[in-house]
Amino acid sequence: MAERYLCPICRSNRSSFEVIFKLSREIRKDPDTGEELFQADAMSVVLRNDRPELDIRCLQCGYTGYEGLFVKAAKQGAS
Ligand SMILES: [Zn+2]
């Protein structure tokens, strides 16, 4: 089901956003020097409860935060 968004900071934007996907890549570091010894070739999208973990950016005020904050603000704004 589609979730509505409302920016929790400016509280006036419900329509213009950027979606930010988080990517992860496994690495190995030398514990003493911090040098990277290995980098996996593949990057994978970070998941949370089998859904991509997204940040949302408000294109009105520039605030960036976890998607859940925008969904929660929209639900509160509706009641
Ligand atoms: Zn905003």
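Read the numbers this way: they start at 1 and go in the same order the structure lists the ligands and their atoms. FYI, the numbering just counts along the sequence from 1.
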Enquirer: Verify the distance criterion only: is there a donor paired with an acceptor across the side chains of Ser16 and Gln60 at less than 3.5 Å?
Expert: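 Gln60 and Ser16 do not have a side-chain donor-acceptor pair below 3.5 Å.
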Enquirer: Is there a side-chain contact between Glu67 and Arg51, using heavy atoms and a 4.5 Å cut-off?
Expert: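 A side-chain contact exists here, since the closest heavy-atom pair is under 4.5 Å.
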Enquirer: State whether the number of non-hydrogen atoms from other residues, nucleotides or ligands found under 6.0 Å of Glu35 atom CD is greater than 12.
Expert: no
Enquirer: Give me the one residue out of Ile56, Asn13, Leu69 that meets side chain to side chain contact (heavy atoms under 4.5 Å, CB included) with Tyr5.
Expert: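 For Tyr5, the side chain to side chain contact (heavy atoms under 4.5 Å, CB included) check succeeds only for Ile56.
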Enquirer: Inside 2.8 Å of the Zn ion (ligand 1) but strictly below it, how many protein N/O/S atoms are present?
Expert: 4
Enquirer: So is Arg48 actually on top of Tyr66's ring, under 6.0 Å and inside 45° of the axis?
Expert: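 Yes, Arg48 lies over the aromatic ring of Tyr66.
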Enquirer: Are any of the side-chain heavy atoms of Thr64 and Ile20 separated by less than 4.5 Å?
Expert: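 The answer is yes, as the side chains (C-beta and beyond) meet within the 4.5 Å cut-off.
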